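For clarity, every value in this text was computed on a predicted model and none was experimentally measured. Just so you know, ligand 1 is whichever comes first in the structure, and atom 1 is the first atom listed for that ligand. In what follows, residues are counted from 1 in the order of the sequence shown.
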Amino acid sequence: MIPVELIKKKREGGTLTEDELRWLIEEYVSGGIPDYQMSAFLMACFFRGMSEEETLTFTKLMLHSGETIDLTDIPGIKVDKHSTGGVGDKVSLILAPIVAACGVPVPMISGRGLGHTGGTLDKLESIPGFRTALSIPEYKSVIRAVGAVLIGQTNEIVPADKKMYALRDVTATVECIPLIAGSIMSKKLAEGIDALVLDVKTGRGAFMQSYDRSLELAQTLVRIGTGFGKETVAFITSMDQPLGSTIGNWLEVVESVECLKGSRGKGDASSDLMEVTHVLSGAMLMLGKKAGTIAEGVALSRASIEDGTAFNKLLEIVAAQGGDPSALENLERYPLPKHTMEVKTMERGYIGAIDSLELGISSITLGAGRARIEDKIDPKAGIVLAKKVGDAVEGGDVLATFSTDKDEALEPARERIRAAFRIQSAPPKQKPLILSYVEKGGVKTWM
Ligand code: URA
């Protein structure tokens, strides 16, 4: 086969056969197809999409580009959660220890930062010593020993997504339902799960900005999971403002630790983060048969924070993956950024909106994400929000604080971050954070 012919076929809106897709993926993984041709193919997919059957085949081939892990010898119903990507979305860091502390094993293969959104792997790697590249035997021994494990794609597990994900990140080919579905579901199906909870983000900071597209993505993901014999449910949740109060890798670890310790997350800027976390954990506990309903699961999830078992579980996971748990108990020991700067407003009123897409992009300019494949992440870089949507402000109030080592990023970031806050004279209408629940049988509005 000739790569350019397959690119042309997709560019013209054609449907690739299983053999054509297999050849393309295998050649790309082995280096026979260069990045520039795969970029062109991905852009053609972005504009032309894939049929339902093509998406299923693409997912299956991505999955079989590497090994699949068998966890049947590990007791319990193994349940994972995956988000389609958001700004300030550190839910996995809090939820994996909660669910494992409640007795449901959580095998998790996560991604790096993608587009303007952060990635769980980059957040975890900001913890000194934490290893996300475990071998399959190490992965199995961590989940057996502590009940949760969080790793990235390796050359053994979904190598096609490892390469393609990094390429999509820097070629503006992320926001495409079949590519997202293939990327997420190949990782999830490879990791040895029995059931899956998906958090499909919608709104300004999400890859799918409209509710209808988010619903289409949620239904596609649920259909693929169910088609592969895994019980799969999805929530559609709002990304109209960043989740919680931090954006940036170590900053998000700090917020997660404070939420797990119960010192944040109730009646403060992290409340939205914990609302989403508890509902997703509750659904995982229901699928893992530790709770009869999502509401019962939410109660167990809250209790694991109150009694300290969830935070202790995080320390165990970190130690088992080579990280230094004392770094999480002594957060003040972490290296400081070269610059920390406040962003203030001169206006009076209420925060009507916070543009999470703009803040996601700003965090990349500060060093918290990648603009090119080879870019190194600065774990200290990022943004801390002092105000969230609905808060009242006076002239002179701080809206956010940001940190960076980059001298040249300071002024542009200050302007960009300030412009991301929309201030209005009247309090904004409260919008729901969790919009819908999608399962095999249909879609329900979430109360
Ligand atoms: N998360 C993934 O793992 N892949 C995507 O394509 C988007 C979000």
Side-chain angles (χ1 to χ4, degrees), residues 25 28 38-39 41-43 45-46 49-50 55-56 58-59 61-63 65-66 80-93 95-96 106-125 132 150-154 157-191 193 196-203 205-209 213-214 216-222 224-225 228 230 232 234-237 239 243 276 280 356-357 360 364 369-370 373:
I25 292 172
Y28 181 55
M38 185 48 89
S39 304
F41 177 73
L42 293 169
M43 191 57 88
C45 291
F46 178 90
M50 285 187 192
T55 306
L56 256 180
F58 176 67
T59 307
L61 294 169
M62 294 282 284
L63 167 66
S65 68
D80 188 14
K81 179 267 351 175
H82 199 84
S83 156
T84 56
V87 178
D89 181 359
K90 68 278 294 173
V91 168
S92 293
L93 302 183
L95 160 151
V106 184
M108 197 178 264
I109 298 182
S110 303
R112 300 198 172 277
L114 189 62
H116 62 280
T117 70
T120 303
L121 290 187
D122 297 323
K123 296 171 204 196
L124 289 168
E125 286 176 1
T132 59
L150 298 99
I151 63 162
Q153 306 102 302
T154 61
I157 310 157
V158 206
D161 187 56
K162 186 176 179 179
K163 266 188 105 172
M164 226 180 267
Y165 189 95
L167 190 62
R168 286 170 58 218
D169 186 26
V170 292
T171 54
T173 49
V174 174
E175 302 92 334
C176 169
I177 290 180
L179 297 181
I180 296 179
S183 164
I184 292 181
M185 296 310 289
S186 60
K187 290 194 285 276
K188 300 293 106 179
L189 294 166
E191 65 191 13
I193 46 165
L196 177 63
V197 175
L198 293 153
D199 181 8
V200 177
K201 299 289 184 196
T202 192
F207 294 130
M208 298 296 125
Q209 298 202 349
R213 292 277 290 157
S214 306
E216 195 185 330
L217 175 58
Q219 288 173 318
T220 304
L221 294 169
V222 168
I224 295 175
F228 277 90
K230 313 291 174 193
T232 306
F235 290 87
I236 301 182
T237 71
M239 193 26 74
L243 205 49
V276 172
L280 296 172
S356 34
L357 174 60
I364 296 176
R370 295 176 190 81
I373 286 185

Subset of ligand 1 atoms that lie under 4.0 Å from at least one heavy atom of [X]:
| X | answer |
| --- | --- |
| Tyr165 | 2 (C), 3 (O), 4 (N) |
| Thr84 | 7 (C), 8 (C) |
| Lys187 | 2 (C), 3 (O), 4 (N) |

Looking only at protein heavy atoms, which one is nearest to [atom], and what is the separation?
| atom | result |
| --- | --- |
| atom 4 (N) of ligand 1 | Ser183 OG, 2.6 Å |
| atom 1 (N) of ligand 1 | His82 NE2, 3.4 Å |
| atom 7 (C) of ligand 1 | Leu114 CD2, 3.4 Å |

Exercise for the section: Could you tell me whether Asp122 and Arg370 have a side-chain N and a carboxylate O separated by less than 4.0 Å? Expected result: yes
Please name the pair of heavy atoms, one in [X] and one in [Y], separated by the smallest distance, quoted to 0.1 Å.
| X | Y | value |
| --- | --- | --- |
| Leu196 | Lys188 | CD1-CD, 3.7 Å |
| Thr55 | Thr220 | CG2-CG2, 4.3 Å |
| Gly115 | Val174 | N-CG2, 4.5 Å |

Problem - Stepwise side chain to side chain donor-acceptor pair (under 3.5 Å) check, Asp161 with Ser186 - result: CA-CA 8 Å; Asp161 187 56; Ser186 60; 5.0 Å; no
